[in-house]
Amino acid sequence: MNTADLILSVLLITGLAVFIYYIFKDRVNDDDNKRMNQSIEAICEEFKKAVKEIVNMDMNALNLNKRDLENRKVLKRSLSNAIRMCSQGDMNSKTIVLSRVKYTLLNAMKIDEDTIDMIIPFNHPERLSALDKFEIMMYLQKRNRQMGMFKGICGHTGLDRLCRDTDGYYYAVTDEDIHKAYLMSPQALSFDDKLNILAQRIYEETYGLSVADLLIMEDTSIDGISGGVSGITGNNYLYLDDDIQSGCHDRARTYDSVWVIYEGKPIHLKFLSFGSETVIRRICKNLAEYGRTGHLTSSEGAVKTHLADGKCRVTVFRPDNASQWAFFVRKYAGTMSCNLEDLIVGPGSGYPIEAIRWAVQGCVNLFFSGDQNSGKTTYTRAAVREIDRRRPVRTLEADFELFLNNTYPDKNILGTRPGDRLPFPKLIEILKSSDAHTILFGETASLEQARHLIDLLLAGTRHVITTGHWPTSDDLIAYFVHALGASGSSGASSTESMVAGLIHLDVHCVKDNDGGRYIERITEIIPYEHDDGDYVSNFKEAKGIREIKDINDAKGIKENLEDIARCLNRLVRRKAYYTRNIVVCENGVYRMINPFSERLSKIILGNLPPDKRQEFLNFNIVPGSISKDKAVEV
């Protein structure tokens with residue numbers, strides 16, 4: 001081989017090597033770019049870009065025929081409405097957006113069985129985050145048609161267990177708890193399963209409710225969800241020394257907090273985080289938007305509304321009226337939970353169930369009292385089942401919460417609420433012309449509403465049911481007396497007597513520290529008869545002056561001991577009423593300790609059909625109970 005051939009061979013080999021190098025270099029760069037574009041954040045941006053192109057599309061510039069143009073307009077309109085409504089509780093809108101997410105993943109981004117594991121490493125559990133594993137477990141429950149997803153997970157993993165440390169008892173779920181629970185769950189996933197899980201993640205990070213989306217929108221086992229209620233609001237350097245000594249250099253922020261109420265237990269989901277204040281601000285604004293005009297502004301500060309499906313009550317706070325952005329979503333009980341037998345359980349539960357049933361059927365005014373989240377609204381909704389279908393029901397609420405039509409579609413029910421141009425007094429006047437038999441007043445949450453309720457009762461309403469936060473029956477009476485402006489005045493006694501005559505039964509609901517709900521007592525409020533207050537003067541008139549004087553001797557005292565005792569009792573009386581516990585719960589056992597009074601029994605019997613009156617009389621006989629005249633005044 002001569003020198004020329006050698007030089008030519010070297011040049012050819014060098015050129016071929018350079019050519020091969022650049023070919024593989026481009027492929028490596030393409031793979032790197034592909035992996036970069038297949039991160040969750042990049043896909044979210046691509047999807048939002050695709051949606052904006054559809055929503056902002058100029059249809060006239062497409063030069064389509066009439067049919068295709070109309071189809072594009074329908075697509076644009078439906079997607080635009082779905083984007084706006086999906087985060088406000090509209091499941092149909094969420095379904096539309098989710099379908100568009102999957103279409104974009106499959107057709108625009110060409111996600112397949114090989115590339116989907118680059119986004120979420122389904123086949124490498126050790127690389128999955130706690131959020132990934134939690135959403136996989138939630139999806140597995142949903143795939144098996146278990147809409148109580150969180151309940152299904154807790155059922156076989158025990159995530160709702162009670163924890164204890166040096167500061168006391170608490171409920172919490174950490175990253176480690178999720179990793180352990182994931183090992184206990186079956187994890188066989190097809191490509192369709194992985195696609196659905198990925199689509200849910202893309203949806204919640206773009207137009208959904210972030211990490212709380214499944215809990216708020218779809219899970220039926222959760223009683224309530226709140227966010228932004230724990231953690232620090234900012235970097236507080238005043239506690240820097242304490243942080244250094246304790247080793248807590250990275251404290252959780254308010255946007256790192258998600259809490260759920262499950263079976264009455266407040267559980268801190270420490271493994272979930274909204275990631276930034278921007279995200280939780282977006283969630284709060286979206287939750288507060290349904291049924292209102294405009295966004296939640298700093299001048300308004302807080303708002304109470306409900307989601308589009310009517311199944312959740314929403315309360316949102318924002319600065320400057322709150323220290324941070326926070327939301328509270330309270331779910332209403334579903335139809336399956338609207339039976340008294342399902343809600344009131346335990347030994348002797350038949351007593352409170354029957355007492356409430358006879359009270360409702362007998363048109364007794366019922367006041368469900370108790371602390372927040374003690375089950376008052378749920379008991380009220382369940383009690384409506386006992387109302388005769390021949391009796392029209394009307395609800396009067398400051399904000400819609402009961403939605404009784406959805407639970408009892410075969411009953412004559414109309415829900416109402418006041419507005420700016422239809423205040424409570426005018427609405428009450430109009431309800432008188434609505435054939436109302438029973439009125440559910442919602443929650444009596446203010447003195448103004450208490451006055452309106454008294455007006456409603458005085459107007460001759462036959463049957464009223466309401467709820468409130470009164471701790472005792474005496475506080476219940478005092479609240480309404482104070483609302484009428486008679487507290488401490490000379491006419492307080494007569495006002496108290498009137499209020500006691502309108503309020504029949506106080507059903508007090510309690511939630512214990514472990515989330516268990518029960519009825520602590522059912523108390524009857526009994527006003528003294530009008531002639532009892534004048535018993536001293538009546539006694540003098542009946543006996544005469546001479547007989548009164550004869551009381552000074554021993555014989556006269558002995559003959560009039562009973563009358564003297566009754567006189568003294570009336571003189572020292574401080575209330576115009578007394579209370580009698582009908583049913584109590586002691587050590588987890590319900591007992592009926594007193595019958596209904598003669599006054600209340602007459603009301604119940606007068607409203608019962610003839611074939612049920614004897615059944616009520618049989619129930620109202622309590623073996624060993626105290627008679628009417630000797631009943632204990634609580």
>> Less than 3.5 Å apart, any donor N or O on the side chain of Asn81 or Ser93 sitting next to an acceptor on the other?
In response: no
> Per the side chain to side chain contact (heavy atoms under 4.5 Å, CB included) rule, which among Thr220, Asp219, Leu214 passes with Phe150?
Replying inline: Asp219
> Is the closest side-chain donor-acceptor distance between Asn373 and Arg517 under 3.5 Å?
Replying inline: yes
> Between Lys331 and Asp309, is there a salt bridge with N-O shorter than 4.0 Å?
Replying inline: no
> Taking atom types as modelled, is there a side-chain donor on Asn412 or Arg391 under 3.5 Å from an acceptor on the other?
Replying inline: no
>> Looking at Glu524 and Thr579, would you say the former's side chain and the latter's main chain have a donor-acceptor pair under 3.5 Å?
In response: no
> Between His306 and Phe403, is a ring-ring contact (aromatic ring centres under 6.0 Å, His included) present by the stated rule, with each step listed?
Replying inline: CA-CA 11 Å; His306 57 274; Phe403 295 99; 5.6 Å; yes
>> In this structure, is the centre-to-centre distance between the rings of Trp325 and Phe274 below 6.0 Å?
In response: no
>> Assess whether a salt bridge exists between Glu586 and Arg591, defined as any Lys/Arg side-chain N lying under 4.0 Å from an Asp/Glu carboxylate O.
In response: yes
> Is it the case that more than 12 heavy atoms not belonging to Gln372 sit under 6.0 Å from its CD atom?
Replying inline: no
> Between Thr472 and Asp475, does any side-chain donor sit less than 3.5 Å from a side-chain acceptor?
Replying inline: yes
>> Can a donor-acceptor pair be found, under 3.5 Å and without considering hydrogens, that links the side chain of Arg417 to the backbone of Glu397?
In response: no
>> Just by distance, no angles: are the side chains of Thr523 and Arg521 close enough, under 3.5 Å, to form a donor-acceptor pair?
In response: yes
>> Would you say that more than 12 heavy atoms from the other residues, nucleotides or ligands in this model lie under 6.0 Å from the NZ of Lys411, or not?
In response: yes
> Thr380 and Thr467: side-chain donor and acceptor closer than 3.5 Å?
Replying inline: no
>> Nearest 0.5 angstrom please: Ser473 OG to Asp506 CG, how far?
In response: 3.5 Å
>> Can you see whether Tyr262 has Lys265 sitting over its ring - NZ or CZ less than 6.0 Å from the centre and within 45° of the normal?
In response: no
> Between Asp410 and Arg389, is there a side-chain N and carboxylate O pair less than 4.0 Å apart?
Replying inline: yes
> Taking only residues two or more places apart in sequence or in another chain, which ones pass side chain to side chain contact (heavy atoms under 4.5 Å, CB included) with Cys585?
Replying inline: Tyr518, Tyr590
>> Keeping Thr438 on the side-chain end and His463 on the backbone end, is there a donor-acceptor pair under 3.5 Å?
In response: no
> How about Tyr171 and His268: are their ring centres within less than 6.0 Å of each other?
Replying inline: no
> Charged N to carboxylate O under 4.0 angstrom, Asp474 versus Lys575?
Replying inline: yes
>> In terms of relative ring orientation, are Phe480 and Trp470 parallel, tilted or perpendicular, with 30° and 60° separating the classes?
In response: tilted
>> Check Lys376 with Glu443, please: is the shortest side-chain N to carboxylate O separation under 4.0 Å?
In response: no
>> Tell me whether Asn513 at atom CG has more than 12 heavy atoms from other residues, nucleotides or ligands lying less than 6.0 Å away.
In response: no
>> Any salt bridge linking Glu386 with Arg357? Criterion: basic side-chain nitrogen under 4.0 Å from a carboxylate oxygen.
In response: yes
> Are Asp213 and Gln200 close enough that a side-chain donor and a side-chain acceptor fall under 3.5 Å?
Replying inline: yes
>> When you measure from the side chain of Ser257 to the backbone of Val229, do you find a donor-acceptor pair of N or O atoms at a distance under 3.5 Å?
In response: yes
> Do Phe441 and His452 have ring centroids that are under 6.0 Å from one another?
Replying inline: no
> Phe619 vs Phe596 aromatic rings, parallel, tilted or perpendicular, using cut-offs 30° and 60°?
Replying inline: tilted
> Does NZ in Lys511 sit with more than 12 non-hydrogen atoms of other residues, nucleotides or ligands closer than 6.0 Å?
Replying inline: yes
>> Under 4.0 Å between a side-chain nitrogen and a carboxylate oxygen: does that hold for Glu598 and Lys602?
In response: yes
